[in-house]
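In what follows, a single structure is set out as structure tokens and then discussed.
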Amino acid sequence: MTSTFLNHLPLSRQEIDRDHESRARPELFDELWADPTTRLLPLWRGRALAAPDFSSRPALGLLPVDRVHDVELRVYLGISLSTTSPEPAGTRIVLVVVSDDEAERLEPDEARWLNLREAATVLSDRDAGAFVEALAIAGWHASHTHSPRSGAETVVEKGGWVRRDVELGVELFPRTDAAVIVGIVDSQDRILLGSNAMWKQNRYSLLAGFVEPGESFEAAAQREVFEESGVRILTPQYLGSQPWPFPASLMVGFYAHVDPAFADDALRPDGEEILDLRWFTRAEIADPATGVALPGPSSIAHAILEHWYGGPLPAEALAW
């Protein structure tokens with residue numbers, strides 16, 4: 001079940017060897033810039049450049065090094081393993097974060113700059129993985145220009161995978177925030193969905209929350225579900241995980257049943273994050289008159305819902 005489920009996670013796909021051993025070489029970027037086969041992945045305001053013929057062949061617009069002039073950040077992403085991409089297997093790929101002026105020079109049409117949530121499902125395994133990796137590491141760099149320990153400026157080292165506190169000399173490494181997301185079903189095989197305070201009223205999704213220090217994934221799932229809904233669940237069953245670089249999360253997906261001892265307890269939205277809670281049958285999800293908007297296909301929430309639903313969700317119910 002887990003392997004089949006993972007096939008439905010667009011942001012978990014990978015066809016890049018991250019080549020961590022090369023990161024420590026001081027001359028790495030000199031070598032990469034001297035290699036005519038190196039390709040750059042331009043990122044501008046969280047968007048990646050699309051290939052010129054994206055509408056007919058969805059792909060990232062990777063560029064040779066001489067095409068990009070003004071670079072704010074370089075990160076070595078690794079070696080392409082893809083045998084189906086325009087670039088041959090073995091191509092080394094570098095993220096380059098570019099300025100507004102450079103983005104305008106490279107491609108003035110903003111439609112050619114892709115949003116990951118919108119493009120993830122149509123990109124290849126290699127391009128989807130590269131985009132996720134690039135967006136996640138760029139987000140970490142943007143929030144760590146200064147050290148959390150001393151307040152001093154940090155400098156980029158080791159191929160873009162380390163920042164060093166210049167005052168204390170300590171290395172700072174990228175961090176990812178673990179979060180759990182749970183598909184909760186009751187004795188009638190209905191699924192519990194909640195509407196977040198930041199969403200439009202017809203938007204519903206699974207309950208989720210961050211893992212606290214000293215807490216297991218399973219314990220976090222049980223705690224978060226109870227805090228947000230008042231529902232007690234049995235031991236959650238792990239389904240799979242998906243990076244969610246908006247800005248720095250790893251979503252760990254579970255499936256769980258309501259504890260029969262508490263099956264009659266009323267739903268209790270916390271009133272802060274969750275404003276409304278509803279049990280949905282498959283017939284209600286399939287009925288357009290229900291008017292519910294569900295999470296889009298780039299998310300692990302979508303995959304967990306399809307796991308429960310038993311197949312593709314109705315297209316009319318997907319709105320975000």
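We use all heavy atoms of the structure for the numbers below, so side chains are in, but hydrogens, waters and symmetry mates are not.
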Can you name the closest pair of heavy atoms from Leu43 and Leu135 and give their distance? CD2-CA, 4.2 Å
Between atom CZ of Phe262 and atom CG of Leu234, what is the distance when rounded to the nearest 0.5 Å? 10.0 Å
Kindly indicate, with the supporting measurements, whether the criterion side-chain contact (heavy atoms from CB on, under 4.5 Å) is fulfilled by Ile137 and His141. CA-CA 6 Å; Ile137 190 65; His141 278 285; 3.8 Å; yes
Checking Ser147 side chain against Arg149 main chain: does a donor-acceptor pair fall under 3.5 Å? yes
Check whether Arg18 reaches the backbone of Gly78 with its side chain - one donor and one acceptor, N or O, closer than 3.5 Å. no
Once you round to the nearest 0.5 Å, how far does CG of Asp19 lie from CD1 of Ile93? 11.5 Å
Under 3.5 Å donor-acceptor, Arg57 side chain and Ser55 backbone: no
For Arg45 and Arg47, what are the C-alpha separation, side-chain angles and deciding distance, and is it a side-chain contact (heavy atoms from CB on, under 4.5 Å)? CA-CA 6 Å; Arg45 297 193 175 190; Arg47 293 174 176 262; 5.6 Å; no
Parallel, tilted or perpendicular for Phe254 and Tyr238, by the 30°/60° rule? perpendicular
Applying the 4.5 Å side-chain criterion to the ILVMFWY set and letting contacts propagate, would Phe226 and Leu207 be lumped into a single cluster? no
Can you check side-chain contact (heavy atoms from CB on, under 4.5 Å) on Arg126 and Ile16, steps first, answer last? CA-CA 6 Å; Arg126 191 211 56 183; Ile16 290 184; 3.9 Å; yes
Are the side chains of Leu172 and Pro148 in touch, meaning some heavy atoms are under 4.5 Å apart? yes
Taking every heavy atom of Ser150 against every heavy atom of Asp165, the minimum-distance pair comes out as OG-OD2, 2.7 Å
Can Leu313 be reached from Leu11 by stepping across I, L, V, M, F, W or Y side chains whose heavy atoms are under 4.5 Å apart? yes
Does any part of the side chain of Phe246, heavy atoms only, come nearer than 4.5 Å to the side chain of Arg117, both counted from C-beta? yes
OG of Ser22 to CD of Glu27: how many Å apart, nearest 0.5 Å? 9.5 Å
Around atom CG of Asp100, are there more than 12 heavy atoms from other residues, nucleotides or ligands closer than 6.0 Å? yes
Without swapping roles, check the side chain of Thr38 against the backbone of Leu32 for a donor-acceptor pair under 3.5 Å. yes
Is the side chain of Glu102 donor-acceptor paired with the backbone N or O of Ser99 at a distance under 3.5 Å, no angle test? no
Side-chain heavy-atom pair Ser205, Asn196 within 4.5 angstrom cut-off: no
ILVMFWY network linking Leu114 to Val96, side-chain heavy atoms under 4.5 angstrom: no
Between Gly194 and Leu277, the two heavy atoms sitting closest are CA-CD2, 3.8 Å
In this structure, OG of Ser299 is separated from CD1 of Ile304 (nearest 0.5 Å) by 8.5 Å
Verify same cluster id: Leu275, Val231 (apolar side-chain graph, 4.5 Å): no
Between Glu171 and Lys158, is there a salt bridge with N-O shorter than 4.0 Å? yes
Applying the 4.5 Å side-chain criterion to the ILVMFWY set and letting contacts propagate, would Leu28 and Val71 be lumped into a single cluster? yes
Is there a side-chain contact between Leu60 and Phe131, using heavy atoms and a 4.5 Å cut-off? yes
Roughly how far, to the nearest 0.5 Å, is OG1 of Thr91 from CG of Leu81? 10.5 Å
Looking only at atom types and distance, does a side-chain atom of Ser229 sit under 3.5 Å from a main-chain N or O of Leu267, one as donor and one as acceptor? no
Heavy-atom nearest pair, Trp308 first then Arg190, reads NE1-C, 4.2 Å
Show, in sequence, the C-alpha distance, side-chain angles and deciding distance for Arg232 and Asp265, and conclude whether the salt bridge (Lys or Arg N to Asp or Glu O under 4.0 Å) test is met. CA-CA 9 Å; Arg232 298 283 188 182; Asp265 289 2; over 6 Å; no
Can you see whether Thr154 engages Arg163 through a side-chain donor-acceptor pair at a distance of less than 3.5 angstrom? yes
For salt bridge (Lys or Arg N to Asp or Glu O under 4.0 Å), just list the numbers for Glu87 and Arg39, CA-CA rounded to whole Å, side-chain angles, deciding distance to a tenth of an Å, and then say yes or no. CA-CA 9 Å; Glu87 302 80 17; Arg39 289 296 178 265; 5.1 Å; no
Using modelled atom types only, decide if a donor and an acceptor are shared between the side chain of Arg13 and the backbone of Ala120 within a distance under 3.5 Å. yes
Evaluate the criterion side-chain contact (heavy atoms from CB on, under 4.5 Å) for residue pair Gln222 and Ile233; output intermediate values, then yes/no. CA-CA 6 Å; Gln222 292 173 314; Ile233 58 175; 3.8 Å; yes
Looking only at heavy atoms, the pair that brings Ala134 and Leu95 closest together is O-CD2, 3.6 Å
Could you report the tightest heavy-atom contact between Val122 and Pro58, atom names first, then the distance? O-CB, 3.5 Å
Taking the side chain as C-beta and beyond, is there a heavy-atom pair between Val180 and Val225 under 4.5 Å? no
Roughly how far apart are Asp30 CG and Arg25 CZ, rounded to 0.5 Å? 11.0 Å
So Leu193 and Leu305, do their side chains get closer than 4.5 Å, heavy atoms only? yes
Would you say the side chain of Ile285 lies within less than 4.5 Å of the side chain of Thr290, judging by non-hydrogen atoms? no
N/O donor-acceptor pair under 3.5 Å between Ser12 side chain and Ser241 backbone: yes
Hey, are the side chains of Ser298 and Trp244 touching, using non-hydrogen atoms and a 4.5 Å cut-off? yes
Could you walk me through whether Glu212 and Arg223 pass the salt bridge (Lys or Arg N to Asp or Glu O under 4.0 Å) check? CA-CA 10 Å; Glu212 293 186 346; Arg223 174 186 55 76; 3.6 Å; yes
